[in-house]
Amino acid sequence: MVDLEKIEERNYNVLVHTDDGKYWRPEIETMPRPQFEEFQLAELKREIQFAYDNAPYYKESFDKAGVKPSDLKTLEDLAKFPFINKLTERDTQGKGSFFGLLCAVPEEDVIFMATSSGSTGVPTMSPFTQKDFDEWQDVESRWFYQTGMRKNDRYLHALNFSLYVGGPDAIGAQNLGALTIWGGTLPSERLIFVLKTYQPTVMWTSPSYAWYLGETCKKQGVDPAKDLAIRKIYVAGEPGGSIDATREAIEALWGADVYDFFGLSDIFGACAAMCDEKNGLHIAEDHIYVETVDPKTGAILEPGQMGELVYTTLRKKARPMIRFRTGDIGWFDKTPCPCGRTHGRIHITGRKDDMFIVSAVNVFPSDIEAVVRGLKGITGEYTIRIYDLKHTSHFDVTVERDEGNTVETDEEIAARVQGAIKARVGVKPTVVNVVKDGTIERATHKAHRVIDERTLNYII
């Protein structure tokens, strides 16, 4: 029997793991659902009260909605409290304090921050106290452990470290005891040198880069499946890890198991991960309470029903997130998993907005429009074509030459547009087509500008 009182004191040191066991934190990971939901309720009550007492936004928001922390008597009572979303973050950031009205601690208690770029191009900051950070990395160790990573592994972290919430997750591997190689975004040639010379057994990168890197190895005469030691690959930032065809292609290329991981900078970079069953991603329900709501009405849906996923933090102090609407469309599976873990699994089928992901970068058509309309020498009209190529998403952009532009060639215009999009978005279109003025049909509806030719029907 788990001592709930000790756990509820927020001392995760009472939870032990064994190197020869199946679970990193067996008491938490396999707790029977009725008992686990009692634990969630106790944590949720504390989090709601803490947010109300310490974050100015929640005090005003709850009062305006006519609810108070004491109204939360059951998990279902959370539906009484108002939602927040990305717009809430942007509107409250920098107001009242550096981190804004959602922040519940003084700045001197914050030891780490990540950022994420939004559709407006304005990044939102995600603060963490030392306790927030340590518990986040403990969850990352849990995900690594549940896929079979152990102390005798050599782990290559090939993810961006620059302000990216997934960057620090290398610490989760170190805490597990694995030899950790902080590769980051090394050039491919250097990364292949690392793979050949140090023979890491585990690697984390994006699905598209895992594919690209494997193909690049083969072009250099290196067979990833035979000449390298990689036996597990973690992927994140794109849906490919949960697309069976893509995951299986990467597995065949590398001769390794591929596991999909999911993080959200608004919460932390270790929200959910696959187990060996590879049927959805177990979410850290001891840190995140999951709801599914109707995307239009906000009405609560039953687990298993398709809707918008909503997350509430249960233990976070720097910035509690109460009923955060993620914009992710999917469902929450609470049925038992054969792996023995009782935490539910999330399945994400897409976004309720028009964002698409290329090379682990969130791309918004509105950002591309901002670039195209801001450049001289073109009309400002454009179309975006999204398509599958070698198991990953790519996009082309078509723009119109301004008939008054007589100094640039089509190639020069294309290069300038491509560079400007890369600078704004973080990833460049595969091709920029330049056509004459009047070629693109004038239409204001988004569907006329974005042509999605992807055929992969992915489920995360």
Side-chain angles (χ1 to χ4, degrees), residues 5-17 24-25 27-28 39 42-58 89 92-94 96-116 123-145 155 157 159-178 180 182 184 261 263-273 283-289 311-322 324:
E5 184 177 353
K6 286 185 179 179
I7 296 175
E8 290 166 7
E9 288 174 352
R10 300 178 173 234
N11 178 12
Y12 263 37
N13 291 329
V14 303
L15 302 178
V16 298
H17 64 88
W24 179 253
R25 303 291 191 191
E27 298 95 329
I28 281 289
F39 162 70
E43 292 284 56
L44 185 58
K45 286 180 177 179
R46 267 194 297 272
E47 186 83 339
I48 293 286
Q49 187 69 59
F50 180 79
Y52 183 80
D53 291 341
N54 294 280
Y57 176 83
Y58 290 116
E89 291 183 73
T92 60
Q93 184 168 276
S97 68
F98 178 69
F99 288 110
L101 301 176
L102 286 171
C103 189
V105 300
E107 184 181 338
E108 53 265 31
D109 287 352
V110 176
I111 57 91
F112 176 82
M113 60 170 275
T115 67
S116 68
T124 55
M125 299 181 291
S126 297
F128 295 80
T129 67
Q130 186 68 62
K131 193 172 189 66
D132 294 337
F133 189 90
D134 291 344
E135 292 192 357
W136 158 21
Q137 291 312 315
D138 184 77
V139 172
E140 193 59 69
S141 298
R142 181 195 305 178
W143 300 146
F144 288 145
Y145 200 82
Y155 169 72
H157 192 81
L159 288 174
N160 183 13
F161 289 113
S162 301
L163 298 175
Y164 176 48
V165 75
D169 288 332
I171 297 171
Q174 290 181 181
N175 290 346
L176 184 150
T180 304
W182 293 55
F261 281 24
L264 195 64
S265 63
D266 314 281
I267 310 297
F268 51 58
C271 295
I283 191 162
E285 285 197 84
D286 50 325
H287 291 269
I288 304 166
Y289 184 74
Y311 299 149
T312 295
T313 57
L314 296 178
R315 299 175 65 87
K316 199 169 183 182
K317 294 188 68 177
R319 189 184 63 187
M321 300 296 282
I322 310 300
F324 177 71

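In this text the structure is predicted, and so the values were computed from the model without any measurement. Counting from 1, the numbers follow the sequence of the chain as shown.
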Participant: Applying side chain to side chain donor-acceptor pair (under 3.5 Å), can you list everything that pairs with Y52, at least two apart in sequence or on another chain?
Facilitator: D63

Participant: Which residues pass the salt bridge (charged side-chain N to carboxylate O under 4.0 Å, His left out) test with E285, not counting sequence neighbours?
Facilitator: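 Salt bridge (charged side-chain N to carboxylate O under 4.0 Å, His left out) list for E285, sorted by chain: R33.
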
Participant: Any chance you could lay out the side-chain contact (heavy atoms from CB on, under 4.5 Å) test for F50 and K45, step after step, and finish with the verdict?
Facilitator: CA-CA 9 Å; F50 180 79; K45 286 180 177 179; over 6 Å; no

Participant: Considering residues at least two apart in sequence or located in another chain, which fulfil the side-chain contact (heavy atoms from CB on, under 4.5 Å) criterion with L163?
Facilitator: T115

Participant: Could you name each residue pair satisfying side chain to side chain donor-acceptor pair (under 3.5 Å) that touches residues 263-272, not counting sequence neighbours?
Facilitator: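 Passing the test, one end in residues 263-272: K86-D266, S116-S265.
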
Participant: Quick one: does any side-chain atom of Q130 pair with a main-chain N or O of V110 as donor and acceptor, under 3.5 Å?
Facilitator: no

Participant: How long is the span from the OG atom in S141 to the CG atom in N175, to the nearest 0.5 Å?
Facilitator: 4.5 Å

Participant: Between R315 and E43, does at least one N-O distance fall below 4.0 Å, as a salt bridge requires?
Facilitator: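 Counted as a salt bridge, because a side-chain N and a carboxylate O are separated by less than 4.0 Å.
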
Participant: Do W143 and W24 have side-chain heavy atoms sitting under 4.5 Å apart?
Facilitator: no

Participant: Tell me every residue that passes side chain to side chain donor-acceptor pair (under 3.5 Å) with S126, counting only those two or more places apart in sequence or in another chain.
Facilitator: R319

Participant: At their closest point, which heavy atom of F144 faces which heavy atom of D169, and how far apart are they?
Facilitator: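 For F144 versus D169, the nearest heavy atoms are CE1-O, 3.6 Å.
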
Participant: For F133, check ring pair (Phe, Tyr, Trp, His ring centres under 6.0 Å) against everything at least two apart and list the hits.
Facilitator: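 Listed in chain order: F112, W136.
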
Participant: Within the structure provided, determine whether D138 and R25 are in side-chain contact (heavy-atom separation under 4.5 Å).
Facilitator: yes

Participant: Is the NZ or CZ atom of K316 both under 6.0 Å from the centre of the six-membered ring of F268 and within 45° of that ring's axis?
Facilitator: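 No, K316 does not lie over the aromatic ring of F268.
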
Participant: Under a 4.5 Å cut-off applied to non-hydrogen side-chain atoms, are T312 and M321 in contact?
Facilitator: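 No, every pair of side-chain atoms sits at 4.5 Å or beyond.
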
Participant: At their closest point, which heavy atom of I267 faces which heavy atom of C271, and how far apart are they?
Facilitator: CB-SG, 3.9 Å

Participant: Please check if any side-chain donor atom of D132 sits under 3.5 Å from a side-chain acceptor atom of T129, or the reverse.
Facilitator: yes

Participant: Using a 3.5 Å cut-off and no angle test, enumerate the donor-acceptor pairs between side-chain atoms of residues 97-109 and protein atoms at least two apart in sequence or in another chain.
Facilitator:
from, atom 1, to, atom 2, distance (Å)
S97, OG, G100, N, 3.1
S97, OG, G100, O, 3.3

Participant: Would you please test Y155 and L176 for side-chain contact (heavy atoms from CB on, under 4.5 Å) and show each step?
Facilitator: CA-CA 11 Å; Y155 169 72; L176 184 150; over 6 Å; no

Participant: Is it the case that the side chain of H157 and the backbone of T180 share a donor-acceptor pair, with hydrogens and angles ignored and the cut-off at 3.5 Å?
Facilitator: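 Not a single qualifying donor-acceptor pair exists.
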
Participant: Kindly compute the distance separating OH (Y311) from CG (L264), expressed to the nearest 0.5 Å.
Facilitator: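 The CG atom of L264 is 7.0 Å from OH of Y311, to the nearest 0.5 Å.
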
Participant: Only counting residues at least two apart or in another chain, list the ones meeting side chain to side chain donor-acceptor pair (under 3.5 Å) with E140.
Facilitator: none

Participant: Could you pull out all residues at least two apart from D53 that satisfy side chain to side chain donor-acceptor pair (under 3.5 Å)?
Facilitator: Q49

Participant: According to ring pair (Phe, Tyr, Trp, His ring centres under 6.0 Å), who are the partners of F324, at least two apart in sequence or on a separate chain?
Facilitator: none

Participant: Applying side-chain hydrogen bond (donor to acceptor under 3.5 Å, both in side chains), run through E47 and T313 and close with a yes or a no.
Facilitator: CA-CA 8 Å; E47 186 83 339; T313 57; 2.7 Å; yes

Participant: Not counting sequence neighbours, which residues clear side-chain contact (heavy atoms from CB on, under 4.5 Å) with A51? List them please.
Facilitator: Y58, P320, I322

Participant: Hey, what do you get for NZ (K131) to CG (D134), rounding to the nearest 0.5 Å?
Facilitator: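 Answer rounded to 0.5 Å: 8.0 Å.
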
Participant: Hey, are R142 and D286 close enough for a salt bridge, meaning a charged N less than 4.0 Å from a carboxylate O?
Facilitator: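 Salt bridge between R142 and D286, a charged N being under 4.0 Å from a carboxylate O: yes.
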
Participant: Taking side-chain contact (heavy atoms from CB on, under 4.5 Å) as the test, write out the residues that go with Y164, two or more places apart.
Facilitator: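 Y164 satisfies side-chain contact (heavy atoms from CB on, under 4.5 Å) with L159, N160 only.
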
